[in-house]
Visitor: 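Below is a structure I'd like to ask you about.
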Protein chains: 2
Amino acid sequence: MSQHDIGIDLDTSLGYLLKEASSALRAAMEEVLRPLGMTVTHYSCLELLAQRPGMSNSELARGAFVTRQSMNVLLQTLERDGYVVRPEQAPVGKVLPTRLTPRGRRSLAKATIAVRSVEVRMLGGMTEAERSDAFRALRSMIQSLRDDG
Amino acid sequence: MSQHDIGIDLDTSLGYLLKEASSALRAAMEEVLRPLGMTVTHYSCLELLAQRPGMSNSELARGAFVTRQSMNVLLQTLERDGYVVRPEQAPVGKVLPTRLTPRGRRSLAKATIAVRSVEVRMLGGMTEAERSDAFRALRSMIQSLRDDG
DNA sequence: TGACTCATGTCAGTAGTCTGACATAGGGTG
DNA sequence: CACCCTATGTCAGACTACTGACATGAGTCA
């Protein structure tokens, strides 16, 4: 296959690099969360609930980038183990607002320390300007993929 | 939870944004590859083989960001269906060099067109300078996560 | 009011990926 | 040579997330 036939040159593709970075971040997070018996999705769910208490199953799913079916399975486990609570009946519609229990908050606190250290490490070699450049670039990519989809 | 207790502010976290961008890219790729009966890993494998013929199972796994066990399952399917070929016995050591068949190349050609359109769309609103800024930023993040890990 | 559309919660089945484990080949190094 | 360490290919089981499907509630509009 000659050079002009190559569709996506993986050495210079931003898409490939994006996946590589995301994969490295995920691996690093899994590494520090595993000793706490927590997966990335598990952690994401708790972190979302800490910042926006009362989020529904579907909202949590979108925030953690999984389907609402997957999040539902996770929430049932978290509820059974006492990390979150949901009302028996929906206050309005079918939406069940979810909240962290004290136990959930304690569990999250340890995980947050671990995950924060990973993010700090990832941004170690970058200046503030480079970080905001990266922020804008990622925002632009997301916007383009969503709008023109 | 008051402001200073928040470990990772998801609205400003580069890690979260990275995952969001990667998730949007993956979803867009799955959308265009599904009509071709191809998953992202499936496509990645063929694209890697087109650019570096003779890659082994383990090398392909690293390049597609999955375990060598997962790649092995995929390769067995691709081999059975005639998209790739591997020698019966390893020329040296246990490493089995894999190559695309003409059928594999034809299948890849269609997928490449689809995936290229996604990448073009993603980079639509960015200048050349912004793209190289993003490239450097992502490289830096990957480097930091790997080295200090 | 009734019909239509959309979002949500949930159950069931499927598919993709992972971890664990084993045997084997090659490169040092004593 | 013997030993150790690493990397590879592969099998098996478990887990996670996905697609498909259904019922329900809210909003819209004729």
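In the text below, chain A, chain B and the rest are named by the order of the sequence lines, each starting its count at 1. This structure is a prediction, so every number in the text was calculated from the model and none was measured.
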Visitor: Could you name each residue pair satisfying ring-ring contact (aromatic ring centres under 6.0 Å, His included) that touches residues 92-125 of chain B, not counting sequence neighbours?
Guide: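 Qualifying pairs, neighbours excluded: none.
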
Visitor: Using whole Å, report how far CZ of A/R62 lies from P of C/dG9.
Guide: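 Computing the A/R62:CZ to C/dG9:P distance gives 9 Å.
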
Visitor: Heavy atoms under 4.0 Å is the rule here; annotate nucleotides 12-25 of chain D 5' to 3' with B where the base is hit, S where only the sugar-phosphate is, and - elsewhere.
Guide: -----SBBBB-BBS

Visitor: For A/Q76, check side chain to side chain contact (heavy atoms under 4.5 Å, CB included) against everything at least two apart and list the hits.
Guide: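 Once residues adjacent in sequence are excluded, the partners of A/Q76 under the side chain to side chain contact (heavy atoms under 4.5 Å, CB included) criterion are A/N72, A/R86.
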
Visitor: Check the distance between C/dT17's P and B/Q76's CD and give it to me in whole angstrom.
Guide: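 The distance from CD of B/Q76 to P of C/dT17 comes to 14 Å, rounded to the nearest Å.
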
Visitor: Looking at residues at least two apart in the chain, or sitting in another chain, which of them share a salt bridge (charged side-chain N to carboxylate O under 4.0 Å, His left out) with B/E130?
Guide: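 Partners of B/E130 by the salt bridge (charged side-chain N to carboxylate O under 4.0 Å, His left out) criterion come out as none, since no residue qualifies.
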
Visitor: With sequence neighbours left out, write down each residue that passes side chain to side chain contact (heavy atoms under 4.5 Å, CB included) with B/E119, or none if nothing qualifies.
Guide: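 Expected list: A/I8, A/S13, A/L14, B/L123.
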
Visitor: Over the length of the helix from C/dT1-D/dA30 to C/dG30-D/dC1, how much do the five-pair end axes diverge, rounded to 10 degrees?
Guide: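 For the helix from C/dT1-D/dA30 to C/dG30-D/dC1, the axes at either end differ by 30°.
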
Visitor: Using whole Å, report how far CE of B/M55 lies from C1' of D/dT8.
Guide: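 Going from CE in B/M55 over to C1' in D/dT8 covers 14 Å.
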
Visitor: Please confirm whether the backbone N or O of B/V40 pairs with a side-chain atom of B/S44, one donor and one acceptor, at under 3.5 Å?
Guide: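 Between the backbone of B/V40 and the side chain of B/S44 there is a qualifying donor-acceptor contact (under 3.5 Å).
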
Visitor: Using a cut-off of strictly less than 4.0 Å, decide whether A/N72 has a side-chain nitrogen or oxygen near OP1 or OP2 of C/dT10.
Guide: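 For C/dT10, OP1 or OP2 has a side-chain N or O of A/N72 closer than 4.0 Å.
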
Visitor: Taking side chain to side chain contact (heavy atoms under 4.5 Å, CB included) as the definition, give me every residue that meets it alongside B/A111, ordered by chain and number, with sequence neighbours left out.
Guide: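 For B/A111, the residues satisfying side chain to side chain contact (heavy atoms under 4.5 Å, CB included) (neighbours in sequence not counted) are B/L33, B/L36, B/M38, B/Y43.
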
Visitor: Hey, mind stepping through B/E30 and B/T39 against side chain to side chain donor-acceptor pair (under 3.5 Å) and telling me if it holds?
Guide: CA-CA 6 Å; B/E30 282 172 349; B/T39 66; over 6 Å; no

Visitor: Please collect all ring-ring contact (aromatic ring centres under 6.0 Å, His included) contacts where either partner lies in residues 56-105 of chain A, sequence neighbours excluded, each pair once.
Guide: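 For residues 56-105 of chain A: A/F65-B/Y16.
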
Visitor: Name all residues meeting the side chain to side chain contact (heavy atoms under 4.5 Å, CB included) criterion together with A/V32; count only those two or more places apart in sequence or in a different chain, and write none if there are none.
Guide: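 Side chain to side chain contact (heavy atoms under 4.5 Å, CB included) list for A/V32, sorted by chain: A/A114, A/V118.
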
Visitor: Tell me: CD of A/Q89 to P of C/dT10, nearest whole Å?
Guide: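 Those two atoms, CD and P, are 12 Å apart.
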
Visitor: Over how many whole Å does the gap from A/L96 atom CG to C/dT8 atom C1' extend?
Guide: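 For the pair A/L96 CG and C/dT8 C1', the rounded distance is 9 Å.
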
Visitor: Starting from C1' on D/dG9, measure out to CG on B/L75 and report it in whole angstrom.
Guide: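 Going from B/L75 (CG) to D/dG9 (C1'), I get 11 Å.
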
Visitor: Whole angstrom is fine here: how far is it from NZ in A/K19 over to P in C/dT17?
Guide: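 Value for this atom pair: 8 Å.
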
Visitor: To the nearest Å, how far apart are B/E88 CD and D/dT10 P?
Guide: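 Distance check: B/E88 CD to D/dT10 P gives 11 Å.
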
